[in-house]
Amino acid sequence: MESFNAWVDALSGTVFFKMPVLGTHIELIVLYLAVPMLFFTAWLGFPNVTQVGRAIRILRTQPDKGEAVGDVSQWAALSTALSGTIGLGNIAGVAVALTMGGPGAILWMFVIGWFAMTVKMAEVTLGLKYRVFDDRGHVHGGPMYVLKAVGAARGWPKAGLMLGGLYAFFALFGAIPMVQVNQSFAQVKVVTGLGNGWAYGVFLAGAVALVTLGGAAWLGEVAKRLTPLKVAVYLAGVAAILILHMDAIPGALAQIWQGAWTGSAATGGAVGAFVAGMRRAVFASEAGVGSAVMAHSLARARHPVSEGLVALLEPLLGTMIVCALGGLALVVAGTWNTGLEGIAITSAAFAKVSPWFPWLLAVVVFLFAYSTLVAWGFYGLQAWGYLFGNGPRAQWAYKILYIVALPPAAAIDLGRVVGIVDSSFFLMAIPNVIALYLCAGELRRDVRGYLHHNDGTGRSA
């Protein structure tokens, strides 16, 4: 175990290499992701402000079977992507952000989530544009296919293949949502006293296998039903905390605002708050990582930009609403700086409402973890298929490996789990952001052309 911990620490140190900027040290990979969020928001004309209404209208008038190609509806694709993004990154992730960067990290998560909307739109638009169909008519997509196609179109077929393969390789590790297994067990342990992480991990892996072995159609059906339920139950708990501590909300908002610009020495000051907010916002929204592209690529969409606009809603819902409200609730409850870590911080806040509220949180955490694990199992399958083919044997081999890899995550230290997951996520972002820059010109042309020739539903005007 010592050698494993040393390996994780070395990986995190390499991925999150720090460089001096204006008298302080900032992780280079954080800047690498922050820049495209700013650039594409301006480059594409601030769609995170002007196109939210259109995105909602597209969902209300999505095409039926036969009207557009794809395996699932746009709502099912969005629900699948939200199953991956609205997970424990939005519960335990907010708590981790608070312990890493203090209350100010919550404001930065909100701000970064707003910019992340445009990056999500851009990467999903490219994913739909360059998705491929196999001999059986099934869709396969993701940043690896974008990189392969763009490299070939520009006369760099080997470079495109290499970058696509690099993304798929990193995605195989990023697609094992260890935080979900680890933190869902932590909450179950709090309320039930269960001390055997391996037993819980095996149980969860078995439950995931029921859907993962069923394919994308089952995945869409499960996601459509679980995503609204888990979000509604969690936000009901958050609302109860805020209502019972209503008098503390103004002070909590002041802490969040002041912490974003000053911070405390213990959490790295304002820079520490920004970095913590950035890391957790990326984990919560997955914008720039490209993972959700694999879910959206399945959608029956009339135009690539149409699905890109639908994807615009993900960071709005997952990061700007769910994370922000959850973070405010933890600051209001005052449990973030009591020496607890991860999901235990949220559990303590829920316990202030009622002794049985941690049980409610345990149910929510299980639903969040379960749906995220199911979604990411599909993401990993797409990456595996790019590297090893999409034949039945290759697919079954990956599914078995994925299910077997889940139980150990319940027994690993939280700090090491966060290190592995964050490292994998940010490594996935490196080739994905390269694809975004390579396609910046065509992205703007496609978006402008779509908005000019289509009405608010995606049909030709």
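Computed from a prediction, not measured in an experiment: that's the story for all the values here.
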Evaluate side chain to side chain contact (heavy atoms under 4.5 Å, CB included) for Thr319 paired with Ile112, printing each intermediate quantity in order.
CA-CA 9 Å; Thr319 306; Ile112 292 159; over 6 Å; no
Is the shortest side-chain N to carboxylate O distance from Glu442 to Arg154 below 4.0 Å?
yes
Check [X] against [Y] and note the closest heavy-atom contact, atom names and distance.
{"X": "Asn432", "Y": "Gly288", "answer": "ND2-O, 2.7 Å"}
{"X": "Val322", "Y": "Leu235", "answer": "CA-CD2, 4.4 Å"}
{"X": "Ala252", "Y": "Val332", "answer": "CB-CG2, 3.6 Å"}
{"X": "Phe40", "Y": "Leu436", "answer": "CZ-O, 3.3 Å"}
{"X": "Leu387", "Y": "Phe169", "answer": "CD1-N, 4.0 Å"}
{"X": "Leu316", "Y": "Val52", "answer": "CD2-CG1, 4.1 Å"}

Spacing of [X] atom [atom1] and [Y] atom [atom2] [to the nearest 0.5 Å]:
{"X": "Leu98", "Y": "Met109", "atom1": "CG", "atom2": "CE", "answer": "9.0 Å"}
{"X": "Ser291", "Y": "Lys120", "atom1": "OG", "atom2": "NZ", "answer": "6.5 Å"}
{"X": "Phe110", "Y": "Phe115", "atom1": "CZ", "atom2": "CZ", "answer": "11.5 Å"}
{"X": "Arg54", "Y": "Leu451", "atom1": "CZ", "atom2": "CG", "answer": "5.0 Å"}
{"X": "Met246", "Y": "Ile249", "atom1": "CE", "atom2": "CD1", "answer": "6.0 Å"}
{"X": "Leu172", "Y": "Tyr398", "atom1": "CG", "atom2": "OH", "answer": "6.5 Å"}

Surrounding CZ of Phe39 (heavy atoms of other residues, nucleotides or ligands, distance under 6.0 Å), is the total greater than 12?
yes
Main-chain N/O of [Y] paired with [X] side-chain donor or acceptor, under 3.5 Å:
{"X": "Ser297", "Y": "His140", "value": "no"}
{"X": "Tyr167", "Y": "Val289", "value": "yes"}
{"X": "His452", "Y": "Arg448", "value": "no"}
{"X": "Lys352", "Y": "Ala333", "value": "yes"}
{"X": "Tyr32", "Y": "Ile430", "value": "yes"}
{"X": "Trp43", "Y": "Ala440", "value": "yes"}
{"X": "Asn48", "Y": "Thr118", "value": "no"}
{"X": "Arg131", "Y": "Ala299", "value": "yes"}
{"X": "Trp336", "Y": "Thr99", "value": "no"}

Hey, does [Y] have a side-chain heavy atom less than 4.5 Å from the side chain of [X]?
{"X": "Asp446", "Y": "Lys129", "answer": "yes"}
{"X": "Thr125", "Y": "Leu443", "answer": "yes"}
{"X": "Met117", "Y": "Pro47", "answer": "no"}
{"X": "Trp384", "Y": "Leu401", "answer": "yes"}
{"X": "Val150", "Y": "Leu126", "answer": "no"}
{"X": "Leu381", "Y": "Met294", "answer": "no"}
{"X": "Ile106", "Y": "Leu328", "answer": "no"}
{"X": "Phe170", "Y": "Phe426", "answer": "no"}

Going through the checks in order, is the side chain to side chain contact (heavy atoms under 4.5 Å, CB included) test met by Gln74 and Ser306?
CA-CA 9 Å; Gln74 288 181 284; Ser306 168; 3.3 Å; yes
Quick one: do Met144 and Leu147 satisfy side chain to side chain contact (heavy atoms under 4.5 Å, CB included)? Show the steps, please.
CA-CA 5 Å; Met144 53 277 195; Leu147 287 160; 5.6 Å; no
Only one of Tyr386, Phe133, Tyr130 passes ring pair (Phe, Tyr, Trp, His ring centres under 6.0 Å) with Tyr145; say which it is.
Tyr386
Tell me, with the steps shown, if Thr61 and Arg57 meet side chain to side chain contact (heavy atoms under 4.5 Å, CB included).
CA-CA 6 Å; Thr61 57; Arg57 290 193 295 273; 5.5 Å; no
